[in-house]
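The sequence lines fix the lettering, A, B, ..., with proteins before strands; numbering per chain opens at 1.
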Number of protein chains: 2
Amino acid sequence: MLDDFFTLENQLCFSIYEASSQFNKLYAKVLQPFGLTYPQYLALLVLWEKDGLTAKELGNRLNLGTGTLTPMIKRMEANDWVRRERSTVDERKVSIYLQPKALKEKQAIITKISADVKPCNIEFEEYEELMNQLNLLQKKLKQQNESLRK
Amino acid sequence: MLDDFFTLENQLCFSIYEASSQFNKLYAKVLQPFGLTYPQYLALLVLWEKDGLTAKELGNRLNLGTGTLTPMIKRMEANDWVRRERSTVDERKVSIYLQPKALKEKQAIITKISADVKPCNIEFEEYEELMNQLNLLQKKLKQQNESLRK
DNA sequence: TAAGATTTAATCGTACACGATTTAAATTTA
DNA sequence: TAAATTTAAATCGTGTACGATTAAATCTTA
């Protein structure tokens, strides 16, 4: 009984793992012409909303630590998407600012993603329902993660 | 209108990205005492269902190529979870067999996961519904991935 | 049956992702 | 205010992930 449940087919964790990796692959393909990876694009999404966040703040939005973020931001800096600037008020903090390229390319990126992802034909209701459930689940998981801390 | 789709699209891809990474962290923590990573555990789930699959077959189940799988299987071999054996009938193929350790530890692993994930309080209906939606979405994404193939 | 195509793994280079440690700056407190 | 603590980034080591290439075995077909 327990064993039936523990097949790959029945694992919610695997369904999410799979869906996530398909998103990854799809977006990687769509973004490649721009010289962007999927996580880099997610970082741009956050910065398009609010420019000049600190590394810490950006990390909180993306659930990423500096071990992941610092090298990624440096790569994005090397490709002229963003610029890093250490705060003069508090020298521990590094703020991240969009570069002109990131503003200029925004519309083209959005247009291409819409064009290439729309054919998936995901219904609006499907979207909303799924997202609500995922966000609920994500909160529960995060809570459990924090209660198991260490 | 284009932006409406874009906004929704972003939220969904981000929700999945987040939920996936929370699952990752949670399972990583739960599996650490066994010296297993989350992807390694998924590989065990597949092999517990059907032992002796070839690398190719295992990769198909997990949606992983040899660039990911070969090194992972070698690490699992080094930790006595599995054994690799090149087929004598077709020397291109490598079959992967569970080692005694993988059978002996199975129940303990399953029990611990049940115990540590249960507190998330995911209802059965919620679970089923979400999985169905995710699998549907995953299929659509995979299809689109294949139609954009290079 | 020999040349060409296909299949299967392995390898390589790049890019996340994470926990742990280190370093330096800022804040708290004794 | 000096010492202890906290905070923010950077760095390090390990482990996925992926596309591209390589190499060897097998299969197809002219």
Which donor-acceptor pairs under 3.5 Å do the side chains of residues 53-61 of chain A make with protein atoms, sequence neighbours left out?
{"residue": "A:Thr54", "atom": "OG1", "partner": "A:Glu57", "partner atom": "N", "Å": "3.1"}
{"residue": "A:Thr54", "atom": "OG1", "partner": "A:Glu57", "partner atom": "OE1", "Å": "3.3"}
{"residue": "A:Glu57", "atom": "OE1", "partner": "A:Thr54", "partner atom": "N", "Å": "2.9"}
{"residue": "A:Arg61", "atom": "NH2", "partner": "A:Glu49", "partner atom": "OE1", "Å": "3.4"}
{"residue": "A:Arg61", "atom": "NH2", "partner": "A:Glu49", "partner atom": "OE2", "Å": "3.1"}

Quiz item: In Å and rounded to the nearest 0.5 Å, what is the SG to OH distance from A:Cys13 to B:Tyr27?
Solution: 3.5 Å
Practice problem: Measure the distance from CE on A:Met76 to P on C:dA15 and round it to the nearest whole Å. | Solution: 12 Å
Quiz prompt | Exceeds 12 heavy-atom contacts within 6.0 angstrom, atom NZ of B:Lys101 | solution = yes
Exercise. Find the distance A:Lys29:NZ to D:dA17:P and express it as a whole number of Å.
Key: 17 Å
Quiz item: Within the pair A:Lys25 and D:dA17, is there a side-chain N or O less than 4.0 Å away from OP1 or OP2?
Solution: no
Practice problem: Write down the distance between CG (B:Leu69) and C1' (C:dT11), rounded to a whole number of angstrom. | Solution: 14 Å
Quiz item: Quick one: does B:Trp48's side chain have a donor or acceptor within less than 3.5 Å of a partner on B:Ala102's backbone?
Solution: yes
Exercise. Can you tell me the distance, in whole Å, between the CG atom of B:Leu31 and the C1' atom of D:dT14?
Key: 16 Å
Practice problem: Select base, sugar-phosphate, or nothing to describe what A:Asn60 touches, counting heavy atoms under 4.0 Å on all strands. | Solution: nothing
Practice problem: Please identify each residue that fulfils side-chain hydrogen bond (donor to acceptor under 3.5 Å, both in side chains) with B:Gln133, with sequence neighbours left out. | Solution: none
Quiz item: To the nearest angstrom, how far is B:Asn24 atom CG from D:dT16 atom C1'?
Solution: 9 Å
Practice problem: Could you tell me whether B:Leu64 contacts a base, only the sugar-phosphate backbone, or nothing, with contacts defined as non-hydrogen atoms closer than 4.0 Å? | Solution: sugar-phosphate
Quiz item: Nearest to the side chain of A:Arg75, which nucleotide is it out of C:dC16, D:dT16, D:dA25?
Solution: C:dC16
Exercise. Could you check how far CG of B:Asn79 sits from C1' of D:dT14, rounded to whole Å?
Key: 12 Å
Side-chain donor-acceptor contacts of residues 62-79 of chain B below 3.5 Å, not counting sequence neighbours, with atom names and distances?
{"residue": "B:Asn63", "atom": "OD1", "partner": "B:Lys142", "partner atom": "NZ", "Å": "3.3"}
{"residue": "B:Asn63", "atom": "ND2", "partner": "A:Glu18", "partner atom": "OE2", "Å": "2.9"}
{"residue": "B:Thr70", "atom": "OG1", "partner": "B:Thr66", "partner atom": "O", "Å": "3.1"}
{"residue": "B:Glu77", "atom": "OE1", "partner": "B:Arg84", "partner atom": "NE", "Å": "3.1"}
{"residue": "B:Glu77", "atom": "OE2", "partner": "B:Arg84", "partner atom": "N", "Å": "3.2"}
{"residue": "B:Asn79", "atom": "ND2", "partner": "B:Arg75", "partner atom": "O", "Å": "3.3"}

Quiz item: What integer distance in Å separates B:Asn145:CG from D:dC18:C1'?
Solution: 12 Å
Self-check item: Any residue of residues 12-23 of chain A with a heavy atom less than 4.0 Å from an atom of DNA chain D
Solution: A:Tyr17
Exercise. Assign a letter to each nucleotide of nucleotides 5-12 of chain D from its 5' end: B, base within under 4.0 Å of a protein heavy atom; S, sugar-phosphate only; -, no contact.
Key: --BSBBBB
Exercise. Not counting sequence neighbours, which residues clear side-chain hydrogen bond (donor to acceptor under 3.5 Å, both in side chains) with B:Arg92? List them please.
Key: B:Asp90
Quiz item: A:Leu62 CG to C:dC18 P: how many Å, rounded?
Solution: 11 Å
Quiz item: Does A:Gln32 place a side-chain N or O at less than 4.0 Å from the phosphate oxygens OP1/OP2 of D:dG19?
Solution: no
Exercise. Determine yes or no for a side-chain-to-main-chain donor-acceptor pair under 3.5 angstrom, with B:Tyr127 supplying the side chain and A:Leu12 the backbone.
Key: yes
Exercise. Would you check if the side chain of B:Asp51 reaches a backbone N or O of B:Leu98 as a donor-acceptor pair within less than 3.5 Å?
Key: yes
Practice problem: Using only side-chain N and O atoms of A:Gln40, determine if any of them is under 4.0 Å from OP1 or OP2 of C:dA15. | Solution: no
